[in-house]
Amino acid sequence: KNSPPLERHFTIVQWGQRGAGKSYGAIRDEARMTIPQFIEDVRQIAVYLQKEFRQEKVALMGRSWGSAVGMLAVAAHPELFSVYLGIGQISAVRECERASYDWTLAQARARDDRRAVRDLEA
């Protein structure tokens, strides 16, 4: 069939972090929207997949923000994972956010968008 190449050889499970995408409206307890909780979510899913597919370990891939959570999950629970692959790996969050902010502010100033400049500086 027209399966992507990876799906011909592996079972692929796509998971979106709680509170992201279609589950955004389902946030009921904002206190559980924490990095430790996201890591625990990854752990629980990995344990479920190990049992469901009778695997000693599972492979984990994270993209963008998921790469930060994935890296932390593997560091906290290395016994669960055979391999980790980060795509668009985030490693220096504070520095990346600062560079993004500086670029956005410069673009607003270049366009003489006073409202955007005011909002960004606030």
Side-chain angles (χ1 to χ4, degrees):
K1 299 198 176 199
N2 292 330
S3 297
L6 282 177
E7 291 181 8
R8 288 189 209 127
H9 304 285
F10 301 96
T11 299
I12 306 293
V13 176
Q14 293 185 26
W15 167 69
Q17 168 191 305
R18 69 173 59 219
K22 292 181 180 180
S23 72
Y24 180 79
I27 298 171
R28 299 289 181 253
D29 184 359
E30 290 185 15
R32 294 184 68 193
M33 297 295 295
T34 65
I35 292 173
Q37 180 62 60
F38 301 153
I39 293 167
E40 175 59 15
D41 291 345
V42 173
R43 187 197 68 77
Q44 288 181 16
I45 291 168
V47 168
Y48 170 81
L49 294 171
Q50 284 175 311
K51 290 176 184 173
E52 180 71 18
F53 296 103
R54 297 184 203 104
Q55 297 293 312
E56 183 179 337
K57 296 183 177 199
V58 296
L60 179 64
M61 180 174 68
R63 185 181 63 80
S64 190
W65 168 245
S67 73
V69 175
M71 190 170 53
L72 294 169
V74 170
H77 304 287
E79 72 282 359
L80 299 177
F81 304 101
S82 59
V83 66
Y84 167 71
L85 174 64
I87 299 173
Q89 182 67 52
I90 292 177
S91 60
V93 175
R94 196 172 303 230
E95 291 84 357
C96 290
E97 288 297 318
R98 187 66 184 163
S100 178
Y101 170 81
D102 289 345
W103 182 87
T104 303
L105 183 58
Q107 296 303 305
R109 286 180 174 150
R111 289 179 173 80
D112 197 30
D113 186 337
R114 293 184 181 135
R115 181 177 176 193
V117 170
R118 184 185 70 238
D119 289 348
L120 287 163
E121 289 178 338

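What's counted below: heavy atoms across the whole structure, side chains too, no hydrogens, waters or symmetry copies. These numbers come from a predicted model, not from an experiment.
Salt-bridge check for Glu97 with Arg94: failed, with every basic side-chain N at 4.0 Å or more from each acidic carboxylate O. Ion pairing between a basic and an acidic side chain is recognised when a charged N comes within 4.0 Å of a carboxylate O; Arg43 and Asp41 show no such pairing.
Between Ile39 atom CD1 and Leu72 atom CG the span is 4.5 Å, to the nearest 0.5 Å. We find the CD-CG distance between Gln44 and Leu49 to be 12.0 Å, quoted to the nearest 0.5 Å. Here the straight-line distance linking atom CD1 of Ile90 with atom OG of Ser64 works out to 4.5 Å at 0.5 Å rounding. The CZ atom of Arg98 sits 11.0 Å away from atom CD of Glu95, with the distance rounded to the nearest 0.5 Å. Between Leu60 atom CG and His77 atom NE2 the span is 11.5 Å, to the nearest 0.5 Å. To the nearest 0.5 angstrom, Leu120 atom CG is 11.0 Å from Gln107 atom CD.
Side-chain contact between Arg114 and Asp112: present, with at least one pair of heavy atoms (C-beta onward) separated by less than 4.5 Å.
Taken together through direct or relayed side-chain contacts under 4.5 Å among Ile, Leu, Val, Met, Phe, Trp and Tyr, Val117 and Tyr101 form part of one hydrophobic cluster. In the hydrophobic clustering of this structure, Ile35 groups with Val42; members are Ile, Leu, Val, Met, Phe, Trp, Tyr whose side-chain heavy atoms approach within less than 4.5 Å, directly or through other members. Using a 4.5 Å cut-off between side-chain heavy atoms of Ile, Leu, Val, Met, Phe, Trp and Tyr, with links allowed through other members, Ile87 and Ile12 fall into different hydrophobic clusters. Hydrophobic clustering places Phe38 together with Trp15 (ILVMFWY residues linked when any side-chain heavy atoms are closer than 4.5 Å, directly or through intermediates). Both Val58 and Tyr48 are members of a single hydrophobic cluster when ILVMFWY side chains are connected at heavy-atom separations under 4.5 Å.
Across every non-hydrogen atom of Gln50 and Glu79, the tightest pair is NE2-O, 4.5 Å. Residues Gly88 and Ser67 share a closest heavy-atom pair of O-OG, 3.6 Å. Nearest approach of Tyr84 to Gly62, heavy atoms of both residues: CE1-N, 4.0 Å.
Residues that satisfy the salt bridge (Lys or Arg N to Asp or Glu O under 4.0 Å) test with Glu52, not counting sequence neighbours, are absent from this structure.
With Ser100 contributing its side chain and Cys96 its backbone, the two residues share no donor-acceptor pair below 3.5 Å.
Crowding of Met61 atom CE: a count of heavy atoms from other residues, nucleotides or ligands under 6.0 Å not exceeding 12.
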